[in-house]
Amino acid sequence: MKLRKWIYLGLVATLVIPLTACGPTNKKDKAASYPKPTKVVQTPSENTEFMMGTVVTLRVYNKGKQGVLNDAFKVLKQEAKEVTTNQKGSEIDKINAAAGEHPVTISKDIYPMVKAAYYYSKNSNESFDMAIGPITQLWRIGFPDAHIPSQAAITKNVKLVDYTKVKLNDKKHSVYLEKKGMKLDLGGIAKGFMADQVKTYFRQHGVSTAIIDLGGNIYVMGDSPKGTKSGNWTVGIQDPKATRGTSIGSIPTKNMSIVTSGIYERYLKKNGKIYSHLMDPKTGAPFQNNLMGVSIISKKSIDGDGLSTATFDKGLKDGMAYINAKANKGIGAIFITKDKKVYVSNNLKKKFTLFGDNGYKYGPASDLK
């Protein structure tokens, strides 16, 4: 049977592909202060642009909100410009350039992102490390000059990956990298942080129903415009080996984030071997385990971003235990292995539906013991 493909974010957005919070946020989310939303319509205002190396799509289902949507893109563009490590003069570039020399004061918009990255580095026991920059810049996977570096270069650079040597000053909004050569890389958390900011911005401007899609970081906001009794959207879980919009299964949800990370999203292929962009901060090389993709379902996209990277480091067994321990915080996950087996966290087992026509099968529970 032909692999099922869905129109990505199409037809009144009934299907999309891509923590109660466990981490910090930069803005108070007080629903009582939000203006009353305008009428929800079936045909959304929408826009798609390429930024942060990916396709970004925003769809707003409240009437008369095209201006709000346009302004949200302006916010995204400005923040994307300041957190890139590949543009001289960005706020992150200034921090990296001053490593081992002096602290750098950054804007009130970007500082919370850096602080959140520190939180996830610590919470994951360094499975996620905000100071991975010396390694990502060495491999350059996702860029035209991507290559396999020498082991000597990897050994040298991995010694610079240490989030504990990132010193933050909340009062001054400053960041200091203690060792020369250290580099921040917020690519593993930036899109999640910004997706949450767009959600808050929408609510502050009378938007109740929307889809925020930052290239694999999806947030479904409000009740589905289809008018179902539950209000749930049907969210497709991305096939990590296929193009965006190809699902292995689905889950009903609303006001939730779905973040999918996969080894086939950005990679370097050399001599028949795949090298993923997902880097192990301990070895300085791409993660080496049987995981092909991880989808994190959470109330905050930033949680999904940080946790999807951290679980790749931990692997299937330890990664699932890590996620199941966060079930009381509203966090769940779907793991996909390279042999096309699917494993679902305890709190999603009754919700997730695996499609039967794509070659994926549930893996045995014994694999998690």
Side-chain angles (χ1 to χ4, degrees), residues 51-54 79-100 110 113-114 116-118 120-121 124 126-166 175 177-194 214-217 259 261-270 273-289 291 294 302 305-314:
M51 65 178 74
M52 299 180 287
T54 192
E79 293 196 351
K81 178 182 176 183
E82 297 300 343
V83 300
T84 180
T85 58
N86 299 294
Q87 182 170 316
K88 192 170 181 61
S90 73
E91 293 197 34
I92 300 304
D93 177 68
K94 290 177 182 176
I95 294 170
N96 292 344
I110 303 303
M113 191 187 304
V114 176
Y118 188 94
Y120 289 100
S121 298
S124 67
E126 300 178 49
S127 291
F128 172 98
D129 197 309
M130 66 191 298
I132 194 71
I135 295 301
T136 55
Q137 289 297 306
L138 184 64
W139 285 78
R140 300 284 294 169
I141 293 179
F143 296 93
D145 57 344
H147 66 284
I148 302 172
S150 68
Q151 186 55 52
I154 293 173
T155 300
K156 177 184 176 181
N157 281 30
V158 79
K159 293 177 182 178
L160 296 169
V161 180
D162 185 358
Y163 84 93
T164 65
K165 297 189 184 307
V166 179
V175 185
L177 310 184
E178 289 189 323
K179 292 180 67 174
K180 197 168 186 64
M182 286 184 68
K183 294 180 186 295
L184 298 184
D185 187 335
L186 303 188
I189 205 168
K191 289 192 295 181
F193 181 89
M194 287 189 272
L214 273 59
N217 291 61
V259 175
S261 291
I263 62 172
Y264 287 90
E265 194 168 27
R266 289 193 352 248
Y267 61 88
L268 170 66
K269 189 171 184 179
K270 203 80 170 177
K273 185 174 180 180
I274 297 289
Y275 296 88
S276 167
H277 74 291
L278 298 169
M279 294 288 168
D280 187 335
K282 298 178 182 66
T283 67
F287 291 119
Q288 296 296 320
N289 55 44
L291 288 179
V294 178
I302 194 170
D305 232 357
L307 292 173
S308 64
T309 302
T311 50
F312 262 96
D313 177 74
K314 297 178 184 300

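Side chains included, hydrogens not; waters and symmetry mates left out as well; all remaining heavy atoms used. Residue numbers start at 1 and run along the sequence shown.
In this structure the side chain of T85 never reaches within 4.5 angstrom of the side chain of K183, judged on heavy atoms. Using a 4.5 Å heavy-atom cutoff, the side chains of T84 and D93 are not in contact. Residues P286 and M279 have side chains in contact (heavy-atom distance under 4.5 Å, counting atoms from C-beta outward). Within the 4.5 Å cutoff, the side chain of N96 has heavy atoms near those of the L177 side chain. Side chains of M51 and K81 form no contact here, defined as non-hydrogen atoms less than 4.5 Å apart. With contacts defined as side-chain heavy-atom distances shorter than 4.5 Å, the pair V158/T283 does not qualify. For the pair M130/V114, a side-chain contact is recorded, criterion being any heavy-atom separation below 4.5 Å from C-beta on. Within the 4.5 Å cutoff, the side chain of V83 has no heavy atoms near those of the M52 side chain.
Nearest heavy atoms, Y275 versus K273: OH-CD, 3.4 Å. The minimum heavy-atom distance linking V161 with P134 is given by the pair CG2-CD, 4.4 Å. Scanning all heavy atoms of the two residues, the minimum distance from I302 to F193 falls at CD1-CD1, 3.6 Å. The shortest heavy-atom contact between K191 and D305 is N-OD2, 3.6 Å. Nearest heavy atoms, L184 versus I95: CD1-CG2, 3.9 Å. The two residues H277 and G262 have their closest heavy-atom pair at CE1-O, 3.8 Å.
From Y118, atom OH reaches atom OG1 of T164 across 6.5 Å, with rounding to the nearest 0.5 Å. For the atom pair L160 CG and K179 NZ, the distance stands at 5.5 Å (nearest 0.5 Å). Annotation: the span from I263 atom CD1 to N289 atom CG amounts to 8.5 Å, rounded to 0.5 Å. Distance OG1/T311 to CG/L291: 7.0 Å, rounded to 0.5 Å. From E82, atom CD reaches atom CD of E91 across 4.5 Å, with rounding to the nearest 0.5 Å. Taking CD1 of I189 as the reference point, atom CE of M194 lies at 11.0 Å (rounded to 0.5 Å).
Ring-plane geometry between F312 and F287 is classed as parallel, the angle between the planes falling under 30 degrees on a 0 to 90 degree scale with a further cut at 60.
Under a 3.5 Å cut-off, the side chain of W139 and the backbone N or O of S276 do not form any donor-acceptor pair.
For K282, the NZ atom sits in a packed shell: over 12 heavy atoms of surrounding residues, nucleotides or ligands are nearer than 6.0 Å.
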